[in-house]
Trainee: 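Sharing a structure, written as structure tokens. Questions coming.
Quick note: numbers below take in every heavy atom, side chains included, and nothing from hydrogens, waters or symmetry partners. Labels below follow one simple rule: chain letters A, B, ... track the order of the sequence lines, proteins then strands, and each chain is numbered from 1.
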Number of protein chains: 2
Amino acid sequence: MAQRTGTSHRAAPEHTHPDQVSVQTALAALADPVRITLVRELADSAEWSRSCGSFDVPVGKAALSHHFAVLRGAGLVEQRDEGPKRVNRLRRDEFDTRFPGLLALVLRDAQDG
Amino acid sequence: MAQRTGTSHRAAPEHTHPDQVSVQTALAALADPVRITLVRELADSAEWSRSCGSFDVPVGKAALSHHFAVLRGAGLVEQRDEGPKRVNRLRRDEFDTRFPGLLALVLRDAQDG
DNA sequence: GGGAGTGTATGGTTTTCATCGAACACTCCG
DNA sequence: CGGAGTGTTCGATGAAAACCATACACTCCC
């Protein structure tokens, strides 16, 4: 087994820094209605204030977990274990430095298609 | 047969103005390696100078035609019939007005993933 | 008219992706 | 310890998208 230090004995989620993300991956991550909703709700909330299950999206737990994995892989979201929950943070500045203006586009535009 | 007026007797391609395009559609259109290549090559060429078949992408004619239809539908490309060929133009300004900075992101970043 | 060049439409295959249900880990609390 | 709450993993399913080969339409030029 792996050694354990600290209080959480759970495997920390793997994060990808926006700098390691290709444009194509970033666009693909944001080209999904559920993930767009997650990003927007996250942007309207305080950092680390939202657990994964607290979002209003019409999908089950499994799919939701998958979507968060995609967002992590695109450098859009950072996660941290807090008790039994996994709380989230939108990587605003880091992502915006890597892809200037992209996040703003998604957040400003609320229409669908 | 049908009556014919003017020089081109071919159905003009249907165009969608960027203003009518949702963010999600725009992102989805650009989240494809072949279409990214088309847009980049188009950006490096003079307007109306490139026919559909003149691009260096590893797909057949049918798939290529489909990709151009997607780009038209996202308001990224304008097409015009010129003799037997269909020549293209990147809608730089119009698209950039609707989605500021998005095109710049795709054009600047050349890496893949 | 007929053939070469160019692009679109159709039909069918393959791949990719979103989704669900169920089973499994981990944390907290009683 | 045992149960409730939370999230991940696995296997399978269904829908969407990319692709190809073929057939078709149109333009140009001889």
Trainee: If I compare all heavy atoms of A:Val106 with all of A:Arg40, which pair ends up nearest, and what's the gap?
Mentor: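 The answer is O-NE, 2.9 Å.
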Trainee: A:Val59 side chain: which of D:dG7, D:dC19, C:dC20 is closest?
Mentor: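 Side chain of A:Val59 sits closest to C:dC20.
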Trainee: When you measure from the side chain of A:Gln79, which nucleotide among D:dT8, C:dA9, C:dT19 comes out closest?
Mentor: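 Side chain of A:Gln79 sits closest to D:dT8.
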Trainee: What is the distance, to the nearest angstrom, from the NE2 atom on A:His66 to the C1' atom on D:dA12?
Mentor: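 Going from NE2 in A:His66 over to C1' in D:dA12 covers 15 Å.
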Trainee: Can you tell me the distance, in whole Å, between the CG atom of A:Leu64 and the P atom of C:dA22?
Mentor: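 Interatomic distance, CG of A:Leu64 to P of C:dA22: 19 Å.
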Trainee: Might you work through the salt bridge (Lys or Arg N to Asp or Glu O under 4.0 Å) test for A:Glu47 and A:Arg80, ending with a clear yes or no?
Mentor: CA-CA 11 Å; A:Glu47 300 203 332; A:Arg80 176 211 295 174; over 6 Å; no
Trainee: Round to a whole Å and report the spacing from CG of B:Asp81 to C1' of C:dT8.
Mentor: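 Spelled out: CG on B:Asp81 to C1' on C:dT8 is 11 Å.
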Trainee: Where the side chain of A:Pro84 is defined as all heavy atoms beyond and including C-beta, which of C:dT27, C:dT8, C:dA9 is the nearest nucleotide?
Mentor: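 Selected nucleotide: C:dT27.
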Trainee: Could you please name the option among C:dT8, D:dC19, C:dT19 that lies closest to any side-chain atom of A:Ala63?
Mentor: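 Of the candidates, C:dT19 comes closest.
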Trainee: Just jot down the side-chain hydrogen bond (donor to acceptor under 3.5 Å, both in side chains) partners of A:Glu41, sequence neighbours excluded, or say none.
Mentor: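 A:Glu41 satisfies side-chain hydrogen bond (donor to acceptor under 3.5 Å, both in side chains) with A:Arg50 once adjacent residues are dropped.
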Trainee: To the nearest Å, how far apart are B:Arg35 CZ and D:dC19 P?
Mentor: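 Going from CZ in B:Arg35 over to P in D:dC19 covers 8 Å.
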Trainee: Checking contacts here: which listed nucleotide (D:dA21, C:dT8, C:dG7) is nearest the side-chain heavy atoms of B:Ser51?
Mentor: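 Nearest nucleotide to the side chain: C:dG7.
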Trainee: Whole angstrom is fine here: how far is it from CZ in B:Arg86 over to C1' in C:dG5?
Mentor: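 My rounded result for the distance is 15 Å.
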Trainee: Pick the nucleotide of DNA chain C nearest each of A:Pro58 and B:Ala62; which residue has the one closer to the 5' end?
Mentor: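 On the 5' side of the pair lies B:Ala62.
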Trainee: Below the 4.0 Å mark, does C:dT19 have OP1 or OP2 next to a side-chain nitrogen or oxygen of A:His67?
Mentor: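 For A:His67, the contact criterion (side-chain N or O under 4.0 Å from OP1 or OP2 of C:dT19) is met.
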Trainee: Rounded to the Å, how far apart are B:Leu30 CG and D:dA18 P?
Mentor: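 From B:Leu30 CG to D:dA18 P: 12 Å.
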Trainee: Starting from P on D:dC28, measure out to CZ on B:Arg10 and report it in whole angstrom.
Mentor: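 Nearest whole value for this atom pair: 8 Å.
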Trainee: Relative to the 5' end of DNA chain C, which residue comes earlier, A:Ala28 or B:Ser54, by the nucleotide with the nearest heavy atom?
Mentor: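 The 5'-side residue here is B:Ser54.
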Trainee: Can I get a per-line list of side-chain donor-acceptor pairs under 3.5 Å for residues 28-36 of chain A, giving both atom names and the distance, sequence neighbours left out?
Mentor:
unit_1: A:Asp32; atom_1: OD1; unit_2: A:Val34; atom_2: N; d: 2.9
unit_1: A:Asp32; atom_1: OD1; unit_2: A:Arg35; atom_2: N; d: 3.0
unit_1: A:Arg35; atom_1: NE; unit_2: A:Ala29; atom_2: O; d: 2.7
unit_1: A:Arg35; atom_1: NH1; unit_2: A:His67; atom_2: ND1; d: 3.1
unit_1: A:Arg35; atom_1: NH2; unit_2: A:Ala28; atom_2: O; d: 3.3

Trainee: Closest approach to the side chain of A:Val34, judged atom by atom: which nucleotide of C:dT19, D:dT6, C:dT10 is it?
Mentor: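 Per side-chain heavy atoms of A:Val34, the pick is C:dT19.
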Trainee: Kindly give the heavy-atom pair with the smallest separation between B:His15 and B:Val77, and that separation in Å.
Mentor: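 Heavy atoms only, the tightest pair is CD2-O, 3.6 Å.
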Trainee: Measure the distance from NZ on A:Lys61 to C1' on D:dC10 and round it to the nearest whole Å.
Mentor: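 So the two atoms are 14 Å apart, to the nearest Å.
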